[in-house]
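Quick notes on the structure that follows.
Residue numbers run from 1 in the order of the sequence given. Source: prediction; values computed, not measured.
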Amino acid sequence: MRVRDLDGRTWRVGRRWLPWRRRIRDAPAIDPTNFGDLGDDPLSIAVLLLLGVVAMFVLPLLLLVIGVILELSLLVAFLPVVILFRVALRRPWVVNVVDPDGKISHVERVVGWRASGARVAVLAAGLRDYRAGSDLST
């Protein structure tokens with residue numbers, strides 16, 4: 001749920017469906033200009049430039065798309081199992097408040113689907129009356 005506070009900033013309040021958060025990793029930097037001692041004649045320079053363009057633009061995009069598809073498919077595969085165990089074992093739902101900068105500023109554990117939904121509504125109502133610098137706990 002997105003909530004706008006008195007200062008006009010947008011906050012997000014909601015449940016975390018999976019017991020872990022997605023991790024975004026930085027890809028290692030690759031130097032596309034380091035070809036070693038290749039490129040002694042015009043034909044090899046043209047081939048290297050073509051391969052460099054492909055390597056710089058197409059390959060990272062392809063790897064990114066494949067990685068995102070794999071990660072999302074694993075998350076979708078685990079979601080029914082996690083929800084089933086969470087409901088059957090009465091595991092608490094994690095309620096997050098994410099500030100406008102994208103950082104988690106408040107976390108609570110609430111047992112029960114309805115109780116966690118009610119807590120999300122209470123936190124959202126408290127954020128509607130929030131001003132920067134005041135206490136976030138409601």
Think Arg86 forms a cation-pi with Trp93, using NZ or CZ under 6.0 Å from the six-ring centre and within 45 degrees of its axis? yes
Give, for atom CG of Leu59 and atom CG of Leu51, the distance between the pair rounded to the nearest 0.5 Å. 11.0 Å
Following the transitive rule for hydrophobic clusters with a side-chain heavy-atom cut-off under 4.5 Å over Ile, Leu, Val, Met, Phe, Trp and Tyr, establish whether Met1 and Val95 coincide in one cluster. yes
Would Leu72 end up clustered with Ile83 when hydrophobic side chains under 4.5 Å apart are linked, directly or stepwise? yes
Got a second to check how far Glu108's CD is from Ser116's OG, nearest 0.5 Å? 11.0 Å
Inter-residue atom distance Ile66.CD1 - Leu61.CG, 0.5 Å rounding: 10.0 Å
Just how far is it from atom OG1 of Thr10 to atom CZ of Arg12, taken to the nearest 0.5 Å? 10.5 Å
Give, for atom CG of Leu70 and atom CG of Leu75, the distance between the pair rounded to the nearest 0.5 Å. 11.0 Å
With no hydrogens and no angle check, is any side-chain donor or acceptor of Asp101 less than 3.5 Å from a backbone partner on Lys103? no
Report whether Trp113 and Val82 are members of the same hydrophobic cluster (ILVMFWY, side-chain heavy atoms less than 4.5 Å apart, transitive linking). yes
Using only atom types and a distance under 3.5 Å, with no angle test, would you say the side chain of Ser105 pairs donor to acceptor with the backbone of Val97? yes
So does Asp5 pair up with Arg9, basic N to acidic O under 4.0 Å? yes
Decide side-chain contact (heavy atoms from CB on, under 4.5 Å) for Asp99 and Trp11; before the verdict, give the C-alpha distance in whole Å, the side-chain angles of both, and the deciding distance to 0.1 Å. CA-CA 5 Å; Asp99 65 10; Trp11 296 70; 3.5 Å; yes
Side chains of Leu84 and Val87, heavy atoms from C-beta outward: is any pair under 4.5 Å? no
Under 4.5 Å between side-chain heavy atoms, counting indirect links through other Ile/Leu/Val/Met/Phe/Trp/Tyr residues: same cluster for Val94 and Phe85 or not? no
Donor-acceptor under 3.5 Å (Arg91 side chain, Val111 main chain): no
